[in-house]
Structure formats: structure tokens, C-alpha cells
Number of protein chains: 2
Amino acid sequence: MTNPEARSVDEAVAKRRELVNEAIDEELPVTRPERLYEASRYLLEAGGKRLRPAVLLLTAEALSDVEPLTTSYREFPTLDGDRIDVMRAAVSIEVIQSFTLIHDDIMDDDDLRRGVPSVHREYDLETAILAGDTLYSKAFEIMLESGAEPERSLEAVRTLAHTCTQISEGQSLDVEFERSDSVDEEQYLEMVEHKTAVLYGAAASLPPTLLGAESGTVEALYRYGIDIGRAFQIQDDVLDLTVPSDTLGKQRGSDIVEGKRTLITLHARQQGVDVDDLVDVSDPEAVSEAEIDEAVSTLEEAGSIDYARKTAQSLVDNGKAELEVLPDNEARAQLEAVADFLIERGY
Amino acid sequence: MTNPEARSVDEAVAKRRELVNEAIDEELPVTRPERLYEASRYLLEAGGKRLRPAVLLLTAEALSDVEPLTTSYREFPTLDGDRIDVMRAAVSIEVIQSFTLIHDDIMDDDDLRRGVPSVHREYDLETAILAGDTLYSKAFEIMLESGAEPERSLEAVRTLAHTCTQISEGQSLDVEFERSDSVDEEQYLEMVEHKTAVLYGAAASLPPTLLGAESGTVEALYRYGIDIGRAFQIQDDVLDLTVPSDTLGKQRGSDIVEGKRTLITLHARQQGVDVDDLVDVSDPEAVSEAEIDEAVSTLEEAGSIDYARKTAQSLVDNGKAELEVLPDNEARAQLEAVADFLIERGY
């Protein structure tokens, strides 16, 4: 990446990633039964950009109006002068994200994730289901120990639980849509909101909840998270088609091979493209790079990839506008930059 | 059942089961996506004795010293004169139990549960994983709305989350033990405590937590739950060998066919029985009733089934002794009777 804003986001995310990784080690130690905890940590250790925790930590810094990276996340100032551990909330969100990836990979029977074998491949099905289930409850245990006032902690846990319910609903819609020919754009965006965007909504709205902001601020920051989360998923769908498998850490074009609905294929179908015939889905293993290339060309010619990019841009613009509830400071500027980064990133 | 105490427990559990089933309908409505919620409710609707909710509701009645079944569980008196909804806590515990059964059946690839196909057989693997994940977060959402004081609600959610972590740990140990020849009784009982007993511990300790009892009472009732929960699992292992498949709702002798460690096989091994040779585990489908009969005779002759029964009896006696922290009333007598019932039941 060459432009200065992108470089600054990379740095902002990378510095927080280091701190988040240290905190994951502390909050999720390998205890007995060791194999279960090793499997639970396997994907967390395999990488990940830690974008959701970064959004959470930046939102906390913007809200409490502190100079970024100058204040310990473990003893972070609330709006009424107490100190709480916002890092635990950040770890909790990443742990939920990791649980959903482990169960997702089982459901899609995906072999690779973050360039390493998926958990059910590296271990086995039983261990992968249990690793996901363990992370699920651990996320709640970690969130409960932020030290925030009881009412605020309760509201944070309520957000977490409702977010998890919505993620399962979104996954279920995603599966349902693979079997349906009559999905429209509105239904698709609802599915994306549930499957992906709510966790960004949680990441951005937990700091105002825990730090004691008023409800209008919680709601605006939730909408920021939802908007950039939707944009993130749409960009993910674009990248699935346009980035080499090596960089993706998984098979390029897996969405069309698996018959997943995306904003891109929905648009193409409206333009008269025979989406079901883009590649031969009867034998996914046999689909060649050349067939993927051809499918991508067809989608480009229909204007569908461009349409997805424009939709993502418009969501990012809306999301950034919500940030006006925050003090005008460096952390807020970085939250704007993160929003831009989500749709400019190439991996 | 012929003795009056057993009949009284049957009645006490049955009357609360009806109320719990109504509450499950209210707390877990079928909403969009319908197939996900239908799958989530499938096992809950297939039956189940609702023993854990019954323990929870009886503990609340004993503690608040009300005449059993005279006070609405939805507006239940706390120890300091407020009203809370203890039924939600009861539903939450049953919902967690149901989530673990759905994921268990996937892990063991069991076809039957409560006499109907397991969820991954009736629906599919993806839907079963998601149904379990949905019940998981719903249990937290429901527990959060008891209306108890924030500190008490937080402590209840902490108990729930920690219980879920321990269940996954117990399941993981169970899987590990299938592959190990060096499991001793202490390790086995630790596994059972994590896999099964903690949910009884939660059921008995949530009412004192939510109703505002002192910590000594919470701890004693937790120990009551742990003791009867261990006894329950040991009795389950006895029933797996001694009750016809039709009554069990699953294959009799499945534990020995699947090579599961139980207190019975651990004892038999100590007595010199070649436990691995009891039945031919290489082809589980081909194991006949006659082979199971012969295996059971061998275990009986070694005194192993009797040993398990005596161990369960001793745990029940310990558990009942913990109930002395409660006022001496009708509900407490029923909690004693429930403890006896857990090891006298024939199904």
C-alpha cells in the first residue's frame, strides 16, 4: 500500500494487534484438557488482522478522548472517572469471531483457513466442535470481568449474547440462500448484517456501553459498526474473486464454486447473466483457474464487481458520518481511516 | 413405580414440567429463519424429563419458604421482598442442556435421541451445529432477563458461562478417555463432574444467587447439585446396560460398544475383566443383544454394576445432607426425594 492514510491504518491496527495477541495469551491460557485449549487457540495463533478488536480499542480511545496508545487498555478511564479493562471486551469479540470461524469451516467442510488447515482438519470433528463451544463460553467469561459497573456489564453481555444469536441466524440464512433462486438484494444485505456486520456493531458499541456514554452515542456507534461490517463483507466477496489463492489463504472463487449468493452474483443475475452456469459446480475440486478467470470476466463485463465496490463505498461513507457523535480527535480520524481501509484492502 | 415417595417425585417433576414446557414455548418462539428455530426446538419438543429445571424451581421454593406450586415462578419472591422471574433461569438451564445434546449427538454420530432422530439426522450437520449455537446464546439472553438485581444477574451469568466451559472440558476428557487405557476412578469422576454434574450444580445454586441468599448457602446448594449430578450420570451408565433399547430411546449397551469409560468398566478392569474384549467394537452395528447380555453378566459377576450403584447411593446421601442450609419445608423434602429418584429411576 502506498498512500499515507493506508499506511497509517496498517500501523494503527498492527500496534493494537500486538497488544491484543498478548492479552489473548493471558485471557485464554492452555490448561487441562490441553488438547482442547490448544485446538481452541489454534486459529487465533494462526494469524488474523484483529480488525474488530482494533475498532473496539480505537472507539474507546476516541470516546474517552485520550491520545491513542498512551493509556493502558487494562486500566482505561471511563467517562465518569473510574478505570475498567476494555482489553477484555476486545479479546472477547475476537474469541467470538474465532469460534464462528471454527464452526463455519466444519459446516462448509473447508480445508484451509489463514493459510493453515482448518481446526477439524488439523484435529478432528469432535475437537473442533468442542473448541468452538469452549471459545463461546470463554468469550462471556472474559467479557464479564471488565470491571465495569454491574448495569453496564449486564448491557455488554446482553449485546454479546444477542450478537451471537444474530450470527447464527445469518449463517442459517446463508445456507438457506444457497438452496434458493429467489434471493433479492435486501434479503442478501439482511443476511450479511446478521452474519458479519453485527460483530462490528458490537465492537463499536461496547466501549460506549462499558464506559458510560449516553444511549444515542451507543446507537450511532452501533450503526457505524453495522455499516462498515456490511462493507467489509461485500469487499470480502470481491476479494474472493479477484485475489490469488496464495494471498487469500484459501481457494480463489470459492463462493461461486460453492454456489454462495453474493451482491455480485445477485447483480449479475439481474443483468441476465446465467450465474448457475458460471462454473461447473458439480465437481468443485475440478474447477480450474482458467474457469474462475472466465467467470470473473463475465461478472466484470456485467458491471457486477463495480456495483459491489460502489455499494461498499456508500456504506463506508454512511458509517463515517455516524462518527460525529465522538470528540474530534486522532482516534476518531483513525476510525474513519479504518472504514476506508476495509474496502481498500487487497487481502 | 410403586413406593409413595417415587410417585410423589413423579408428580412434583411432572407438574413443573408442564409449566417449563409452556415457558419454553414463550421464551423460544419460532421466528425467522424458521428452519433454524424449528431445529433448535426439535429435541426440546421431543420430550425430556426436565429434571434440572425441576431442581431449580424446587430449590427456589424451598429457599423462599413458599408452599410448592402456590407462587408464580414468573413473579417469585426474593429473600429481600422483590419479585423476579425464576422460570427464565429454569428455561435457560434446559436450553443449555438441549444445546449440549445436539452437539453431542453430532460428535458421537448417534442416530437416536429421546426416541426420535437426532437433529443432524432429522435436519443436516450445518443446521444441527447452528441450532446448538443458537440455543447457546439464547440461554444467556433468557438468563439475563430474570429481573434480578444487576450484581445477582451478573453472578448468575458468570455461573452459566463457567458451567458451559466446564461441560466442554468434560466432553473433551470423555473423548480423550476413550483413547486411553490408564484412566482411574478419580479422573473418571472429575470428567463426570465437568460433563454432567455442573449443570445440576448450576440448577441448584442459581436460585440462591438470584434470590439473594448468602454465599454459604450458594455453595452448599452447589455441592448438592454436584453430588446428585454425579450420581445421575453413574445411574445413566447403569441404565445404559440394563434397560431395553425401546425404553432408553437409544441402543442399549452403546457405552461399551463405543468403548466409553464408565465407573462400571473401570471397576471391572480393576477386577481383572478384559473390558476391551467384552464386545466386538470393530463393527458396532453388528453387536447383538445376546452379546450385550453376556457382557452385562460378566460385569455383574465382577460386582461392577453393584459397585456403581453403591457409589451413586453414597453421593446421593452426601447431597441430601447439604440441604440442611434450607428451611425445613415441603419443597426441601421434595429435593431429597428427587435425589433418591435420580438413582432409583428405571429410565
Side-chain angles (χ1 to χ4, degrees), chain A residues 31-37 39-40 96 99-100 103-104 106-109 124-145 149-155 157-158 160-176 178 190-191 194, chain B residues 31-37 39-40 96 99-100 103-104 106-109 124-145 149-155 157-158 160-176 178 190-191 194:
Chain A
T31 55
R32 200 156 168 273
E34 282 80 8
R35 193 161 186 274
L36 175 66
Y37 281 99
S40 301
I96 288 291
F99 130 66
T100 65
H103 281 190
D104 261 26
I106 299 172
M107 292 188 271
D108 294 340
D109 200 15
D124 51 62
L125 176 70
E126 288 165 305
T127 306
I129 291 178
L130 286 175
D133 290 346
T134 303
L135 291 174
Y136 207 149
S137 49
K138 277 285 171 187
F140 281 90
E141 290 195 69
I142 295 165
M143 182 69 81
L144 283 161
E145 306 308 327
E149 280 183 19
E151 289 86 349
R152 296 175 188 170
S153 270
L154 271 184
E155 191 55 31
V157 175
R158 202 171 268 128
L160 193 67
H162 189 56
T163 299
C164 291
T165 299
Q166 289 184 298
I167 291 172
S168 293
E169 290 173 352
Q171 294 282 8
S172 178
L173 290 174
D174 200 12
V175 173
E176 193 180 295
E178 281 175 45
E190 184 204 358
M191 182 274 283
H194 281 63
Chain B
T31 55
R32 197 154 174 276
E34 282 79 8
R35 192 161 186 274
L36 175 66
Y37 281 99
S40 301
I96 287 291
F99 131 64
T100 66
H103 281 190
D104 262 26
I106 299 171
M107 292 188 269
D108 293 341
D109 201 16
D124 51 61
L125 176 71
E126 288 166 305
T127 305
I129 291 178
L130 287 175
D133 290 348
T134 303
L135 292 174
Y136 208 150
S137 49
K138 276 286 171 186
F140 281 90
E141 291 194 69
I142 295 165
M143 183 69 80
L144 282 160
E145 305 309 327
E149 281 183 16
E151 289 87 348
R152 296 174 188 170
S153 270
L154 271 184
E155 192 55 31
V157 175
R158 201 172 269 128
L160 192 68
H162 188 55
T163 299
C164 291
T165 299
Q166 288 184 299
I167 292 172
S168 293
E169 290 173 351
Q171 295 282 7
S172 178
L173 289 174
D174 199 13
V175 173
E176 194 179 294
E178 282 175 44
E190 185 203 357
M191 182 274 282
H194 281 62

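Within every chain, numbering begins at 1; the chains are lettered A, B, ... in the order of the sequence lines, protein sequences first and strands thereafter. Everything numeric in this text was worked out from a predicted model, so none of it was measured.
- Proximity of a side-chain donor or acceptor of B:H194 to a complementary backbone N or O of B:E190 within less than 3.5 Å is detected.
- For a residue to count as touching a neighbouring chain, one of its non-hydrogen atoms must lie under 4.5 Å from one of that chain's; by this rule A:E145 touches chain B with the side chain only.
- Only the side chain of B:L125 comes within contact range of chain A, with heavy atoms under 4.5 Å apart.
- Using a 4.5 Å cut-off between heavy atoms, B:Q166 does not touch chain A at all.
- The pair A:E155-A:R158 meets the salt-bridge criterion, with a side-chain N (NZ, NE, NH1 or NH2) lying under 4.0 Å from an Asp/Glu carboxylate O.
- Contacts of B:R35 with chain A are made by side-chain atoms alone, with heavy-atom separations under 4.5 Å and no backbone atom involved.
- Proximity of a side-chain donor or acceptor of B:Y136 to a complementary backbone N or O of B:I96 within less than 3.5 Å is not detected.
- Heavy atoms closer than 4.5 Å to chain A are found nowhere in B:D109, neither backbone nor side chain.
- Residue B:E176 touches chain A through its side chain alone, counting heavy-atom pairs closer than 4.5 Å.
- Comparing B:D133, B:L36, B:I167 by heavy-atom pairs within less than 4.5 Å of chain A, the highest count is held by B:D133.
- Using a 4.5 Å cut-off between heavy atoms, B:V157 contacts chain A through both its backbone and its side chain.
- The backbone N or O of A:I129 sits less than 3.5 Å from a side-chain atom of A:H103, completing a donor-acceptor pair.
- When each of B:K138, B:E141, B:H162 is scored by its heavy-atom pairs under 4.5 Å with chain A, the top score falls to B:E141.
- For chain B, the nearby part of A:D124 is the side chain; its heavy atoms alone come within less than 4.5 Å.
- A salt bridge is absent between A:E169 and B:R32; no separation between the charged side-chain nitrogens and carboxylate oxygens falls under 4.0 Å.
- A donor-acceptor pair is defined here as one N or O able to donate and one able to accept, closer than 3.5 Å; such a pair exists between the side chain of B:T134 and the backbone of B:L130.
- No other option in B:E151, B:M143, B:E149 has as many heavy-atom pairs under 4.5 Å with chain A as B:E151.
- Qualifying salt bridge (charged side-chain N to carboxylate O under 4.0 Å, His left out) partners for B:D174, counting only residues two or more places apart in sequence or in other chains: B:K195, B:K260.
- Across every non-hydrogen atom of B:I106 and B:A128, the tightest pair is CD1-CB, 3.6 Å.
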